[in-house]
A.B. asks: 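What follows is a structure written as structure tokens; I'll ask about it next.
Naming: A, B, ... by sequence-line order, numbering from 1 per chain. Predicted model, so just to flag it, every value in this text is computed and none were measured.
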Protein chains: 2
Amino acid sequence: MLRFILLGFLNYLPLNGYQLKMLIDQSTGHFWHAYHSQIYTTLQALEDQGLVTSQTDESDDRLKRRTYEITEAGRAELRAWLSKPMLETAQIKDELLVRVFFSGQRDHADVIDELRIQRRLHQQQLEAYMAIAADHLLKVVTPEAPPPVASLKADSRMWTATLDYGIRYERMVLEWIDNLVNQLKA
Amino acid sequence: MLRFILLGFLNYLPLNGYQLKMLIDQSTGHFWHAYHSQIYTTLQALEDQGLVTSQTDESDDRLKRRTYEITEAGRAELRAWLSKPMLETAQIKDELLVRVFFSGQRDHADVIDELRIQRRLHQQQLEAYMAIAADHLLKVVTPEAPPPVASLKADSRMWTATLDYGIRYERMVLEWIDNLVNQLKA
DNA sequence: GAGGGCATGTAAGCCGTTACATGATTTC
DNA sequence: GAAATCATGTAACGGCTTACATGCCCTC
């Protein structure tokens, strides 16, 4: 999965591993996070498969900075992946729900405490999402240059859609927690 | 994680691997699924650690049926896990969101088609959740006997809470998809 | 006797997590 | 000169997925 995220970003412009990590943390990481270790190894794998090329920037400094560029094969791979629609839904994996499921015999007060911790965290996440301006992402991808791709507007709309998902998700969780806490207090 | 799910169920009553698989599929599997291969190997690991014991039923047939029972150490392990509250939120991992994120350059019609497939699947899941009566789970766990644990009522409430989560989640996703489809059509 | 449900296992491989490890540049 | 940020890697491990493999029992 991460391979497609990397190809997806490199499809916009050449980037190094560190920049990819930053981009992911601020965008796709909210629904598919990755550690830098995995990013570097996956980039290596993509290069071995000829889907990206890399070059060390010798020009301006002695920093071992490696910039990755997508190849035509890489773009084809990305397009092929996108063209095959998902036919199942994503599986939820949420430890909190497992904990709640088996919390029947726990002290209600303890369960409520835990739910309140979660509530605070989700509240923070909601606020973080709402603070992200829609065009913020545009700025991240294109620091001080005009868009390298013709219509980043269509992309921007999709980015906003995933942000919208995050907001709806966090609101839903907050409502669920509030509802459950109230029930447990009664 | 699966270890705690297994301990959680075995904390109610002794079960074999197959029964655990069935129970998971119908309950916790909605937020933490598991393949039978992992269930059997994890049960073996739990036994090696003295958290469960097993015995082959020789009594009535030649079927190699192995029933697992939780030990006192197992109950302690489960209690210890439950008593330590989660301090982070679960990470979402949703391929659909990754796909949407990078779908800016795709044909809108194709994206809409894909979203409609997802809509149908989520609609079905929502209906499945709503069809599950709250006491259904009670029946699954205690087929034709009185509850082995004093108050399964408290547990039942928690099970219902996770089911409620599922319903809220599916509704949220449906609304998000409808909203996005409408936007893409405009 | 064919198919579906009951029942249990092994093994390879992939992906992701955690930890270890290093070093330059920039800012206070 | 200390701390934060930029920048890149390796390695061990654990958990999950996929595939392979087997065999009984019951119903049609």
Side-chain angles (χ1 to χ4, degrees), chain A residues 1-7 9-10 14-26 28-29 31-49 52 54-68 81 88 90-95 98 140 143, chain B residues 1-7 9-10 14-26 28-29 31-49 52 54-68 81 88 90-95 98 140 143:
Chain A
M1 187 71 270
L2 180 63
R3 41 191 282 113
F4 297 115
I5 296 175
L6 298 176
L7 289 174
F9 280 119
L10 293 174
L15 296 159
N16 63 43
Y18 190 79
Q19 291 173 313
L20 281 162
K21 167 73 173 143
M22 295 298 106
L23 275 173
I24 290 170
D25 284 350
Q26 291 168 57
T28 54
F31 40 87
W32 202 286
H33 74 104
Y35 295 93
H36 78 270
S37 57
Q38 202 194 349
I39 290 171
Y40 288 111
T41 50
T42 305
L43 282 170
Q44 184 57 60
L46 288 173
E47 188 167 22
D48 292 347
Q49 291 159 47
V52 302
S54 79
Q55 52 185 41
T56 335
D57 306 348
E58 306 278 4
S59 51
D60 43 74
D61 51 30
R62 285 162 320 196
L63 266 176
K64 44 171 186 170
R65 204 184 301 162
R66 183 173 289 276
T67 304
Y68 289 89
W81 175 66
E88 338 75 47
Q91 294 277 356
I92 303 174
K93 281 227 159 176
D94 193 330
E95 187 176 334
V98 178
V140 174
Chain B
M1 186 71 271
L2 180 62
R3 40 191 282 114
F4 298 114
I5 295 174
L6 298 176
L7 289 173
F9 280 119
L10 293 174
L15 295 159
N16 63 43
Y18 191 81
Q19 291 173 313
L20 282 162
K21 168 70 173 144
M22 295 296 106
L23 275 173
I24 290 171
D25 283 350
Q26 290 169 58
T28 55
F31 39 88
W32 202 287
H33 73 105
Y35 295 93
H36 79 270
S37 56
Q38 200 195 350
I39 290 171
Y40 288 110
T41 51
T42 305
L43 282 169
Q44 184 56 60
L46 288 173
E47 187 166 23
D48 292 346
Q49 291 158 46
V52 302
S54 78
Q55 51 184 39
T56 333
D57 306 348
E58 307 276 6
S59 50
D60 42 75
D61 50 29
R62 283 163 320 193
L63 267 178
K64 42 173 185 169
R65 203 184 303 163
R66 182 172 291 275
T67 303
Y68 288 88
W81 175 66
E88 338 76 47
Q91 295 277 357
I92 303 175
K93 282 227 159 178
D94 194 330
E95 188 177 332
V98 177
V140 174

A.B. asks: Do B/Lys93 and A/Lys93 have side chains that get closer than 4.5 Å, going by heavy atoms?
C.D. replies: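 No, their side chains stay 4.5 Å or more apart.
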A.B. asks: Return the angle between end axes of the helix from C/dG1-D/dC28 to C/dC28-D/dG1, with five pairs used per end and rounding to 10°.
C.D. replies: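 Computed from the C1' atoms at both ends, the axes differ by 30°.
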A.B. asks: Are the side chain of A/Lys21 and the backbone N or O of A/Asn16 linked by a donor-acceptor pair below 3.5 Å?
C.D. replies: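 Checked: no pair found.
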A.B. asks: Starting at CG of B/Asn16 and ending at C1' of C/dC6, how long is that distance when rounded to a whole Å?
C.D. replies: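 So the CG-C1' distance, B/Asn16 to C/dC6, works out to 9 Å.
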A.B. asks: Sequence neighbours left out, what passes side chain to side chain donor-acceptor pair (under 3.5 Å) with B/Glu47? Give chain and number order.
C.D. replies: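 With neighbours one apart ignored, the set is B/Ser54.
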A.B. asks: Can you name the atoms? Protein N/O to nucleotides 16-20 of chain D N/O, anything below 3.5 Å, with the distance.
C.D. replies:
{"from": "D/dC16", "atom 1": "OP2", "to": "B/Gln38", "atom 2": "NE2", "distance (Å)": "2.0"}
{"from": "D/dC16", "atom 1": "O5'", "to": "B/Gln38", "atom 2": "NE2", "distance (Å)": "3.3"}
{"from": "D/dT17", "atom 1": "OP1", "to": "B/His33", "atom 2": "NE2", "distance (Å)": "2.9"}
{"from": "D/dT18", "atom 1": "OP2", "to": "B/Tyr35", "atom 2": "OH", "distance (Å)": "2.8"}
{"from": "D/dT18", "atom 1": "O4", "to": "B/Ser37", "atom 2": "OG", "distance (Å)": "2.6"}

A.B. asks: Using whole Å, report how far CG of B/Leu46 lies from P of C/dG9.
C.D. replies: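 It is 14 Å, rounded to the nearest whole Å.
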A.B. asks: Give the rounded distance in Å between these two atoms: CE of A/Met22 and C1' of D/dT5.
C.D. replies: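 One finds 9 Å between C1' of D/dT5 and CE of A/Met22, rounded.
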A.B. asks: Are A/Thr28 and A/Phe9 packed together at the side-chain level, in the sense that at least one heavy-atom pair is separated by less than 4.5 angstrom?
C.D. replies: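 The answer is yes; the side chains approach within 4.5 Å.
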A.B. asks: Apply side-chain contact (heavy atoms from CB on, under 4.5 Å) to residues B/Leu10 and B/Leu43 and explain how you reach the verdict.
C.D. replies: CA-CA 11 Å; B/Leu10 293 174; B/Leu43 282 169; 4.2 Å; yes
A.B. asks: Check step by step if side-chain contact (heavy atoms from CB on, under 4.5 Å) holds for A/Tyr40 and A/Tyr18.
C.D. replies: CA-CA 9 Å; A/Tyr40 288 111; A/Tyr18 190 79; 4.0 Å; yes
A.B. asks: Expressed in angstrom and rounded to an integer, what is the separation of B/Arg3 atom CZ from D/dG15 atom P?
C.D. replies: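 Going from CZ in B/Arg3 over to P in D/dG15 covers 8 Å.
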A.B. asks: Do any side-chain nitrogens or oxygens of A/Tyr40 fall under 4.0 Å of OP1 or OP2 in D/dG9?
C.D. replies: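 False: A/Tyr40 side-chain N/O out of range (4.0 Å or more) of D/dG9 OP1/OP2.
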A.B. asks: Counting only side-chain N and O atoms of B/Arg66, is one of them less than 4.0 Å from OP1 or OP2 of C/dT8?
C.D. replies: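 Answer no for this pair, as no side-chain N or O of B/Arg66 is under 4.0 Å from OP1 or OP2.
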A.B. asks: Rounded to the nearest Å, what distance is computed from the NZ atom of residue A/Lys21 to the P atom of nucleotide D/dC6?
C.D. replies: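 Rounded to whole Å, this separation is 13 Å.
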A.B. asks: Looking at side-chain heavy atoms only, is the closest gap between A/Thr42 and A/Ile5 below 4.5 Å?
C.D. replies: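 They are not in side-chain contact.
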A.B. asks: How many Å lie between CZ on A/Phe4 and P on C/dC14, as a whole number?
C.D. replies: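 Distance, rounded to whole Å: 15 Å.
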A.B. asks: How many Å lie between CD on A/Gln19 and P on D/dA7, as a whole number?
C.D. replies: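 Interatomic distance, CD of A/Gln19 to P of D/dA7: 6 Å.
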A.B. asks: Shortest non-hydrogen contact from B/Ala34 to B/Ile39?
C.D. replies: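 Heavy-atom minimum between the residues: CB-CG1, 4.1 Å.
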A.B. asks: Rounding to an integer number of Å, can you tell me how far A/Leu6 CG sits from C/dG16 P?
C.D. replies: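 That distance rounds to 11 Å.
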A.B. asks: Counting only side-chain heavy atoms from C-beta out, which of D/dC6, D/dG9, C/dG9 sits nearest to B/Tyr68?
C.D. replies: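 Of the options given, the side chain of B/Tyr68 lies nearest C/dG9.
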A.B. asks: For B/Tyr68 and B/Leu6, run side-chain contact (heavy atoms from CB on, under 4.5 Å): C-alpha distance rounded to whole Å, both residues' side-chain angles, the deciding distance at 0.1 Å, then the answer.
C.D. replies: CA-CA 10 Å; B/Tyr68 288 88; B/Leu6 298 176; over 6 Å; no
